[in-house]
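Counting from 1, the numbers follow the sequence of the chain as shown.
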Amino acid sequence: GPCDAAPLSCTPENANGPCDAFDVFPQDLAQVGADGPTGKKLNDLQGFGRLHGMLVDPQNLYVNANFFTPGGAYIGIINVETKEAVSLIRLSKFDTEKERSVHMSFWLEDGSAILCSNLHGKAI
């Protein structure tokens, strides 16, 4: 029709989409654990890059980007206005499962936390 939907870009520099996760979360992004930098980069980690879905927070300031990938599970927080990365979180796996997973994540009503739905662990 006359108002066909067009894919959006995820960076201010590009007018057209679709959003490429590596434009927001570069492959050379350093991994930091509880004890500081691990020496690993995002492209060293297993299974990143396939966007499953995003939801905006209640204040319309951020989106949670859910990356549901074989062997990997990540939630990225992106600033809605600047379209820049705020945080990238790798989810933990359950002891009973072979790999990490995230189906989707949801903001609490007040935006104070994110609930993660783990597909393989069947848990929130």
Please list, chain by chain and in numerical order, all residues satisfying side-chain contact (heavy atoms from CB on, under 4.5 Å) with I89, sequence neighbours excluded.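 Listed in chain order: S87.
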Should we say atom CD of Q59 is surrounded by more than 12 heavy atoms from elsewhere, each under 6.0 Å from it?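 Yes - once you tally the heavy atoms of other residues, nucleotides and ligands closer than 6.0 Å, there are more than 12.
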Do [X] and [Y] make a side-chain contact, defined as non-hydrogen atoms from C-beta onward lying under 4.5 Å apart?
X    : Y   : value
L61  : V80 : no
M104 : N64 : no
V56  : Y62 : no
F25  : F67 : yes
I77  : D57 : no
F106 : L55 : yes

Closest heavy-atom contact between [X] and [Y]?
X   : Y    : result
M54 : A65  : CG-CA, 3.6 Å
N66 : S105 : OD1-OG, 2.6 Å
K83 : V24  : O-CG2, 4.2 Å

Can you measure from [atom1] ([X]) to [atom2] ([Y]) and round to the nearest 0.5 angstrom?
X    : Y   : atom1 : atom2 : result
C116 : I75 : SG    : CD1   : 3.5 Å
R90  : L42 : CZ    : CG    : 10.5 Å
L29  : N43 : CG    : CG    : 10.0 Å

Which pairs, with at least one residue in residues 31-40 and sequence neighbours excluded, count as a side-chain hydrogen bond (donor to acceptor under 3.5 Å, both in side chains)?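 Residue pairs passing side-chain hydrogen bond (donor to acceptor under 3.5 Å, both in side chains), neighbours aside: Q31-T38.
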